[in-house]
Amino acid sequence: MRRLFVAGNWKMNLVRETGLALASGLAQACPKSHPGVQVVVCPPFPYLVPVAGAIANSGVELGGQNCSAEKPGAFTGEIATAMLQDVGCQWVILGHSERRTLYGETDALVARKTATALASGLSVILCVGETLAERQANQTDAVLDRQMAGSLEGISASDLSRVVIAYEPVWAIGTGLTATAEQAESAHAHLRKWLSVRYNAGLADSTRILYGGSVKPQNAKSLMEQPNVDGALVGGACLKLDDFLPIVRAAQELRPA
Ligand code: 13P
């Protein structure tokens, strides 16, 4: 049975005071590591250090929202994987659709970032997902195949064990439109099949595949109870404890300690 994974992507939201209140509340609610559910928060870079302090010795883990593909050096404005680790991150989100569409990140760049992050010891939340136009043109599976192949180019089977995939249909992100449980399950099953062909059945079976896109307390359980949905990558609803905690609790109900 795969351990469920619930991650909050704060994106470019909150400030020190509100972020620390949220992180402290979450740490209090999740005082120790839960055997059935892993909980991760990904604040903006300036708040990684104070949030790391707020969640120290709790069951909540820390992630960055992006990283450089380069080793430390003359790259103004970039953040090295070693820096993320230095401030307590175990995780980094890569290939998010906002990075792909707003900042022109290609599959090739995402693959380079993934390789750098894994080589430095971080684990990766790798995002893929189709646009509405692609879905309507029946291109969903082909887009996912292309993003998976491109973003995992050169990543070995042993490294893949530190990758979590996040299926985030672009049309569901921040729109209030959630994929139905059936749509999510179908895309996740396709992604798992892809992993079994590209890697092997065992690795495909053990890799967590998260759903992201307007996950709310109201829909979290029905999504996460799908056989191939192993958790949630949450945007808007992770910014308030009253919304994020019920999503964590829904996962804990599905995988009791
Ligand atoms: P929303 O939950 O706001 O739709 O965002 C999802 C997301 O992009 C998480 O990475």
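Both counts, for ligands and for their atoms, begin at 1 and track the order of listing. We count residues from 1, following the sequence as given.
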Item to check | Heteroatom proximity flag, Lys11 to ligand 1, N/O under 3.5 Å | outcome: yes
Checklist entry - Is Lys221 reaching over with its side chain to a backbone N or O of Ala251, donor-acceptor style, under 3.5 angstrom? => result no
Checklist entry - Side chain, backbone, both or neither: which part of Ile173 has a heavy atom under 4.0 Å from ligand 1? => result both
Checklist outcome for this item: ligand 1 to Asn9, heavy atom cutoff 4.0 Å, flagged ligand atoms 9 (C), 10 (O)
Item to check | Sidechain-backbone polar pair: Ser214 side chain, Ala172 backbone, donor-acceptor under 3.5 Å | outcome: yes
Checklist entry - Can you tell me if Asp230 and His188 form a side-chain donor-acceptor pair at under 3.5 Å? => result no
Checklist entry - Any non-hydrogen atom of Gly176 lying under 4.0 Å from ligand 1? => result no
Checklist entry - Does the side chain of Lys113 pick up a donor-acceptor pair with the side chain of Asn66 at under 3.5 Å? => result yes
Next on the checklist: So is Ser214 touching ligand 1 or not, going by heavy atoms under 4.0 Å?
Outcome noted: yes
Checklist entry - Near Leu233, which atoms of ligand 1 are under 4.0 Å from a heavy atom of that residue? => result 9 (C), 10 (O)
Checklist outcome for this item: Note: with side-chain heavy atoms under 4.5 Å as the link, the other cluster members for Val143 come out as none
Checklist entry - Should the pair Asp107-Arg100 be classified as a salt bridge under the 4.0 Å nitrogen-to-oxygen rule? => result yes
Item to check | For ligand 1, the portion of Cys238 having any non-hydrogen atom under 4.0 Å away | outcome: neither
Checklist entry - Under 3.5 Å, N or O to N or O, is Gly174 touching ligand 1 that way? => result yes
Item to check | atom 7 (C) of ligand 1: nearest protein contact (heavy atom, Å) | outcome: Glu168 OE2, 3.2 Å
Item to check | Numbered atoms of ligand 1 (with element) below 4.0 Å of Ala172, judged on heavy atoms | outcome: 4 (O)
Checklist entry - Between Glu130 and Arg135, does at least one N-O distance fall below 4.0 Å, as a salt bridge requires? => result yes
Checklist entry - Glu134 side chain to Thr131 main-chain N or O, any donor-acceptor pair under 3.5 Å? => result yes
Checklist entry - Which pairs pass salt bridge (Lys or Arg N to Asp or Glu O under 4.0 Å) with one or both residues in residues 233-257, sequence neighbours excluded? => result none
Item to check | Residue-ligand contact Lys216/ligand 1, heavy atom below 4.0 Å | outcome: no
Next on the checklist: Less than 4.0 Å is my threshold; does some heavy atom of Gly212 fall inside it relative to ligand 1?
Outcome noted: no
Checklist entry - Considering only protein heavy atoms, which is closest to atom 3 (O) of ligand 1, and at what distance to one decimal place? => result Gly236 N, 2.8 Å
